[in-house]
Amino acid sequence: MNLDPATKGGRRQLARNARGYGYYDIPASPGQGRHYQVVCLLCRERVSAAWESDKTRIALLDGAMDDHLLHDCEHGPQQ
């Protein structure tokens, strides 16, 4: 199993594993849309994704995790 955040396949597997541990479905509050959050398995930070009507929940969470691993994670490939 490839869990290297420097590779696309590794980031995809990390996102899949993070969803496997569960995610948070935050209901819409006044003036805001629905949000989803998943915990990064490398740095334990919560990664958020805002609901978009044209994407599935899985696509939103995986996209947010990929972006987090590439740009924000302290254990990501940029480090």
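Bear in mind the structure is a predicted one, so any value in this text is a computation, not a measurement.
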*Asks:* Do Val38 and Arg46 come within less than 4.5 Å of each other through their side chains, counting heavy atoms only?
*Replies:*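 SC-SC contact between Val38 and Arg46 ruled out.
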
*Asks:* Looking at Ala64 and Ala49, what are the two nearest heavy atoms and their distance?
*Replies:* CB-CB, 3.9 Å

*Asks:* On a heavy-atom basis, which atom in Leu3 and which in Leu14 lie closest, and how many Å separate them?
*Replies:*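 Distance-wise, the nearest heavy atoms are O-CD1, 3.7 Å.
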
*Asks:* Would you mind reporting whether Asp25 and Arg57 have side-chain heavy atoms less than 4.5 Å apart?
*Replies:* yes

*Asks:* Within this structure, what is the CD-CD distance for the pair Glu45 and Gln37, rounded to the nearest 0.5 Å?
*Replies:*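 Between Glu45 CD and Gln37 CD, I get 10.0 Å after rounding to 0.5 Å.
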
*Asks:* Mind checking the CG-SG spacing from Asn17 to Cys40? Nearest 0.5 Å is all I need.
*Replies:* 11.0 Å

*Asks:* Testing Tyr23, Tyr24, Tyr21 one by one against Val39 for a side-chain contact (heavy atoms from CB on, under 4.5 Å), which residue passes?
*Replies:* Tyr24

*Asks:* CG/Leu42 to CZ/Arg44 distance, rounded to the nearest 0.5 angstrom?
*Replies:* 9.0 Å

*Asks:* Rounded to the nearest 0.5 Å, what separates atom CG in Leu41 from atom CD in Gln13?
*Replies:* 10.0 Å

*Asks:* Quick check: closest heavy atoms across Glu74 and Cys43, and the distance to 0.1 Å?
*Replies:*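 Closest approach of Glu74 to Cys43, heavy atoms only: CG-CB, 3.8 Å.
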
*Asks:* Look only at the side chain of Arg34 and the backbone of Trp51, and say whether a donor-acceptor pair between them is shorter than 3.5 Å.
*Replies:*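 It does not hold such a pair.
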
*Asks:* To the nearest 0.5 angstrom, please state how far the CG atom of Asp4 sits from the OG1 atom of Thr7.
*Replies:*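 If we round to the nearest 0.5 Å, Asp4:CG and Thr7:OG1 are 4.5 Å apart.
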
*Asks:* Minimum heavy-atom separation for Leu60 to Glu52, with atom names?
*Replies:*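 Result for this residue pair: CD1-N, 3.8 Å.
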
*Asks:* Could you state the interatomic distance from NE2 (His35) to OG (Ser48), rounded to the nearest 0.5 Å?
*Replies:* 6.0 Å

*Asks:* Would Asp62 and Arg19 count as a salt bridge (charged side-chain N to carboxylate O under 4.0 Å, His left out) if you check the C-alpha gap in whole Å, the side-chain angles of each, and the deciding distance to 0.1 Å?
*Replies:* CA-CA 8 Å; Asp62 287 358; Arg19 277 190 288 107; 2.7 Å; yes

